[in-house]
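Okay, so here's the structure we're looking at.
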Amino acid sequence: MALPATEPFTGTGALSASWTAQTTTSVWQRTAGQAAISNTTDIAGAYWNADTFANNQYAQCNKTGNQSGPSVRAAGTTQATLDNYHWRNAPANEGLFRTDDGTSTRLTAISDAASGALVKITVSGTTLEIFYDGVSQGTTVDATYASGSAGIFGYDGSTSRLDNWEGGDVAAAGIAIPILTRQYRARWN
């Protein structure tokens, strides 16, 4: 496959083989054309495994429920090894989080996104940024995780829902280098 990776979560049942579950007690599944968590009282993470992501990456999805959203630099295949950076909205606890071995810590508070909003998290180097419908909601710096995959994360499956996921690489900022024509190459020699 090729990046960006996309997942519309159509249909019902387990996620495709392109996803690696980060938890076993509670897992993401397709429900009524959205992604939802199978257990109503536990966390669930999953990351896209069909492509290799650069260390500078993004994930985005539409917010259709609570306590769930995109994740980046995700790794681990059990709750005890689940690591990632993620955005989630929880009543009075919205923001950007880091999960270390299954335990989440809020890095920065960010106001909640409107229902249906496209929520995007980017990581470039040690800088993480959250966007709602293309508008930056702020940045924070954290150097805990340097690599991993783009994915999804949620807590409390009774309200966790998201849709239309996409993950890809963040283009590196660089300097444009002009191509030398034959006329100019002669001058350089």
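Taken to the nearest 0.5 Å, the CG atom of Asp42 stands 4.5 Å off from the CD atom of Gln79. Within the model, atoms OG of Ser136 and CD of Glu129 stand 3.5 Å from one another, a figure rounded to the nearest 0.5 Å. In this structure, the separation between OH on Tyr85 and CD1 on Ile121 is 9.5 Å, given to the nearest 0.5 Å. Within the model, atoms CD1 of Ile37 and OG of Ser26 stand 5.0 Å from one another, a figure rounded to the nearest 0.5 Å. Going from atom CZ of Arg73 over to atom CZ of Arg98 covers 12.5 Å, rounded to the nearest 0.5 Å. Ile110 CD1 to Ile130 CD1: the interatomic distance, rounded to the nearest 0.5 Å, is 4.5 Å.
In terms of heavy atoms, Arg161 sits closest to Ser68 at O-OG, 3.0 Å. Nearest heavy atom pair, residue Ala143 against residue Thr126, reads CB-CG2, 3.7 Å. The minimum heavy-atom distance linking Gly151 with Ala59 is given by the pair O-CB, 3.9 Å. Nearest heavy-atom pair, Ser147 versus Asn55, reported as atom, atom and distance to 0.1 Å: CB-OD1, 3.2 Å. Across Gly11 and Arg30, no two heavy atoms sit closer than the pair O-CB, 3.6 Å. Taking both residues in full, the closest heavy atoms of Ala80 and Asp101 are given as O-CB, 3.2 Å, listed atom of the first, atom of the second, then distance.
Trp87 and Tyr155 end up in different hydrophobic clusters when Ile, Leu, Val, Met, Phe, Trp and Tyr side chains are linked at under 4.5 Å. Note: the hydrophobic cluster containing Val123 also contains Leu96 (ILVMFWY, side chain heavy atoms under 4.5 Å, direct or indirect links).
Note that Arg88 lies outside the cation-pi zone of Phe153, set by a 6.0 Å cut-off to the ring centre and a 45° limit from the axis.
Between the Asn56 side chain and the Gly125 main chain, a donor and an acceptor come within less than 3.5 Å of each other. Judged by distance alone, with hydrogens and angles left aside, the side-chain atoms of Asp169 form a donor-acceptor pair with the main-chain N or O of Ala54 at under 3.5 Å. With Thr23 contributing its side chain and Thr25 its backbone, the two residues share no donor-acceptor pair below 3.5 Å. Between the side chain of Asn66 and the backbone N or O of Ser160 there is no donor-acceptor pair closer than 3.5 Å. The backbone N or O of Tyr58 lies less than 3.5 Å from no partner atom in the side chain of Thr122, so there is not a single donor-acceptor pair. Asp83 contributes no side-chain N or O that, together with a main-chain N or O of Ala74, makes up a donor-acceptor pair within less than 3.5 Å.
Using a 4.5 Å heavy-atom threshold, the side chains of Phe9 and Ile152 count as touching. Contact annotation: the side chain of Tyr47 approaches that of Thr77 to within less than 4.5 Å [non-hydrogen atoms, C-beta and beyond]. A heavy-atom distance below 4.5 Å is not found between the side chains of Cys61 and Asn164. For the pair Leu128 and Thr108, the minimum side-chain heavy-atom distance is 4.5 Å or more.
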**Report entry** Stepwise side chain to side chain contact (heavy atoms under 4.5 Å, CB included) test for Thr6 and Trp165
**Finding:** CA-CA 6 Å; Thr6 60; Trp165 178 87; 5.8 Å; no
Requested in this report: Report the C-alpha distance between Tyr145 and Asp100 in whole Å, list the side-chain angles of each, state the deciding distance to 0.1 Å, and finish with yes or no for side chain to side chain contact (heavy atoms under 4.5 Å, CB included).
Outcome: CA-CA 10 Å; Tyr145 302 121; Asp100 305 299; 2.4 Å; yes
**Report entry** Verdict with supporting geometry, Tyr132 and Val119, side chain to side chain contact (heavy atoms under 4.5 Å, CB included)
**Finding:** CA-CA 5 Å; Tyr132 295 167; Val119 177; 4.1 Å; yes
Query - Chi angles and distances behind the side-chain hydrogen bond (donor to acceptor under 3.5 Å, both in side chains) call for Asp142, Thr144 - result: CA-CA 6 Å; Asp142 189 277; Thr144 304; 2.7 Å; yes
Report task. Quick one: do Leu3 and Gln57 satisfy side chain to side chain contact (heavy atoms under 4.5 Å, CB included)? Show the steps, please. Result -> CA-CA 11 Å; Leu3 294 176; Gln57 60 190 247; over 6 Å; no
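Remark: of the listed residues Asp163, Asp133, Asp112, Asp112 is the sole one forming a salt bridge (Lys or Arg N to Asp or Glu O under 4.0 Å) with Lys63.
The aromatic rings of Trp19 and Trp48 sit perpendicular to each other, their planes meeting at more than 60°, with 30° as the lower class boundary.
Under 3.5 Å, the side chains of Thr127 and Ser124 contain no donor-acceptor pair of N or O atoms.
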